[in-house]
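As C-alpha cells, the structure follows; a few thoughts come after it.
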Amino acid sequence: MLKKEKKERTYELPDLDGAEQGKTCMRIAPGPSGPLHIGHTRVSVLNDEYTRRYEGKLILRFEDTNPEKIDPEAYDMIPEDLDWLGVKIHESFIQSERFETYYGMTRELIGQGHAYVCTCDPEKWRGLKEEKRACPCRDLPVNEQLDRFDRMMEGGYGEGEAIAVVKTDIAHPNPAVRDFVALRIVDAPHPRTGTKYRVYPMMNLSVAIDDHLMGMTHVIRGKDHLNNTDRQKYVFDYFGWKQPFYLHYGLVNIPDTVLKTSLIKQSIKEGEYSGWDDLRTGTVRALERRGIKPEAVRRYWVESGIKSVDIEFSWDNLYGMNRDLIDPVSNRYFFVQDPVRYDVEGVGSIEGRAPLHPDHPERGMKEYSIDGPKTVFISEKDSRTFSQERKIRLKDLCNLEYSLPARYAGNDVSEMRKSGLKAVQWVSRKSIPCDVLMTDGTVASGLVEDSILSEKSETVQFERFGFVRIEKKDPEKIVAAYTHD
RNA sequence: GCUCCUGUAGUGUAGCGGCCAAUCAUGAAGCCCUCUCGAGGCUUCGACACGGGUCCAAAUCCCGUCGGGAGCACCA
C-alpha cells in the first residue's frame with residue numbers, strides 16, 4: 001500500500017506550573033450582570049479542563065460588588081449555563097455576603113499604613129497620580145485614617161465624598177498600577193443586600209482577598225487583567241500571602257455577534273429580541289437553542305489553547321467541530337422553503353422510500369406513498385430549476401417532466417448520472433408548516449415532511465438546507481432553529 | 001503620553017536552535033463516492049511581519065522597526 005502515514009495531532013492544554021495532583025484550586029468569577037456568553041465559555045472551559053486534569057477544586061464566585069450592574073436573575077442563569085457547558089462547580093460564593101470580611105481587611109491595611117481614606121476631589125486625586133504625586137490624604141497619620149474609615153463606615157460621608165485607597169508605589173512607572181481604590185460609597189440599593197451596606201469593595205480588593213482566603217493555587221483569566229494582577233500583588237505582599245500562579249490568555253475578538261449584556265438587555269426590553277436566548281445574540285442560551293453542542297465549544301477552546309496572543313474567534317471552525325458531532329446523530333428530512341405546488345399526472349400512485357440517515361440505514365426508512373390527487377411541493381428555488389431544465393427528480397420518489405400539471409417520468413435513478421438530472425427535496429400534502437428561525441433574525445418558512453413527528457432527536461438535518469434544532473413539534477406546526485449548514 | 005502583553009497560511013494551532021523545502025484542524029478549489037450543496041475518500045491552494053545581529057546552523061535566542069491588543073475608572 002502506498003498510503004501515506006498521516007500524523008495525527010492530539011490537542012492538549014499545556015501543563016500548569018506548580019500544579020499538584022489533587023491540590024489545585026481555581027475559580028470562575030463572573031459579575032452577575034446577565035447570563036454567560038460565548039466569550040465567558042473560554043475561561044469556564046479552561047478552568048474546568050485543568051480542574052479535571054489535576055482533580056482539583058473549582059469555585060464559582062459571583063463578583064457582585066457593583067450594585068448598579070447586577071441582574072438578580074444572573075445568579076441562577078450563570079450556574080445553569082455552566083451546567084450546560086459541562087463545567088463542574090464544587091463550591092460557590094457570593095461576594096455581597098462577604099462585605100464584612102473586606103471591611104476588616106481594609107481596616108488592617110490602614111492600620112499597617114498600607115491604605116488610606118481619601119476625601120479629595122476624584123479628578124484631583126487622579127491628576128496627582130498621573131504626576132506621580134501623593135494627595136494630601138495619603139500621608140495623614142494612621143489613627144486619623146482609622147477615624148476617617150470609621151466615619152466612612154458609619155455614613156459620615158456621602159456618595160463620592162470618600163474612598164479607601166490601597167497604596168502601591170505612587171511613582172510606579174506604570175500609571176495603571178499606582179494607588180488603587182479599595183472601597184467606595186454607593187447609595188443605590190444592592191439587589192441582594194438592599195440598603196444594609198453602602199460601602200462597596202472594588203474588585204482589586206475583593207479579588208485579592210478572596211483569591212487568598214479561598215485558597216486559589218492558579219488563576220486563569222484574560223490578558224486584560226494583567227495590570228490588575230500587578231495591583232493585587234500589593235495586597236498579597238502586605239499580608240504576606242503567597243500569590244497564586246497566574247495565566248493570562250489573549251483577548252478574543254468575536255465577530256458578527258451581539259455580546260454586550262447591557263445591549264441585549266435593552267433590546268429584550270424594547271421587544272426587539274425575544275429573550276436572552278435570541279438567536280442573534282452570542283449567549284450560551286442562544287448557542288444551546290441553536291443546537292450547538294457543549295462538547296464543540298469545549299473542543300474549540302481546548303484547541304485554541306491558552307497563549308497570550310489575541311485571537312479572532314471563528315464561527316466556521318466552531319461549526320466544523322459541531323458538525324462532526326451532530327452529523328452522525330441527525331436524521332435527514334425534507335424541508336421545502338417557500339413551497340410551490342405541482343400536481344402530477346400520468347401515473348396511478350407513487351411509492352418511494354429513503355433512509356432516515358444515509359450512513360446509518362439500520363435506523364430505518366421513511367416510506368412514501370402518494371395516491372389520490374397526486375400533489376407535491378418543491379421549493380421556489382427548485383421550481384425555477386424545474387421550469388428551466390424541463391425535467392427534475394423528486395429525490396427518493398420519481399422523475400418529473402415539466403408541464404402544468406407536471407408529468408410523471410418514471411423512476412429511473414440512473415438518469416441523474418446519465419443526463420445530469422437534478423434531485424430536489426419535496427413534500428406531499430401530508431406535510432406540516434414549518435418555520436426555521438435563522439440566526440440573523442429572519443424566518444425561513446416552508447413545509448416539512450410529517451415523518452418528523454416521530455423523530456426522537458432534537459437535532460436533524462434538513463437536506464440541502466442545513467442542520468436545525470427542533471424547538472416545537474406538533475401536527476399543526478413545526479418550529480426549528482437554524483444551527484449551521 | 002506612559003506601562004504592559006503579543007506577532008507561524010483567511011481563521012485557530014503545532015514546532016521553541018539542526019529531525020521544518022514548517023504540523024493538524026477549519027476554509028477555499030478540483031476530482032471520486034453518495035438519489036443532499038451533509039458525511040466520507042483523494043489532490044491542490046495557502047504562513048514563519050520586516051531589518052539587523054549571535055551561531056557552523058534561527059520560525060526558534062538578542063536588538064530595532066512596524067503591526068495587533070490591553071490598562072492608566074469611585075466597572076468587572
Check salt bridge (charged side-chain N to carboxylate O under 4.0 Å, His left out) between Asp412(A) and all other residues, then give those that pass, not counting sequence neighbours. Lys418(A)

Salt bridge (charged side-chain N to carboxylate O under 4.0 Å, His left out) pairs, two or more places apart, involving residues 167-181 of chain A: Arg138(A)-Asp179(A)

Are Tyr368(A) and Glu449(A) linked by a side-chain donor-acceptor pair shorter than 3.5 Å? yes

For Met202(A), which contact category applies under a 4.0 Å heavy-atom criterion: base, sugar-phosphate, or nothing? sugar-phosphate

Whether the side chain of Arg323(A) and the base of G38(B) hold a donor-acceptor pair under 3.5 Å is what I'd like checked. no

Please determine whether the number of non-hydrogen atoms from other residues, nucleotides or ligands lying under 6.0 Å from atom NZ of Lys233(A) exceeds 12. no

Touch check for Asn228(A), heavy atoms < 4.0 angstrom, all strands: base, sugar-phosphate only, or nothing? base

What is the separation between atom NZ on Lys129(A) and atom C1' on U3(B), rounded to the nearest whole Å? 13 Å

By the 4.0 Å heavy-atom rule, please label Leu251(A) as base, sugar-phosphate, or nothing. sugar-phosphate

When only distance counts, do a donor and an acceptor, one from the side chain of Asn317(A) and one from the base of U11(B), lie under 3.5 Å apart? yes

Can you check whether any acceptor in the base of G69(B) is under 3.5 Å from a donor in the side chain of Asp224(A), or vice versa? no

Output the rounded distance in Å from CG (Asn227(A)) to C1' (A73(B)). 13 Å

Taking Watson-Crick and G-U wobble pairs with both distances under 3.5 Å, convert RNA chain B into its dot-bracket string, 5' to 3', dots for unpaired and | for cross-strand pairs. (((((((..(((.....[.....)))((((((.......))))))...(((((..]....))))))))))))....

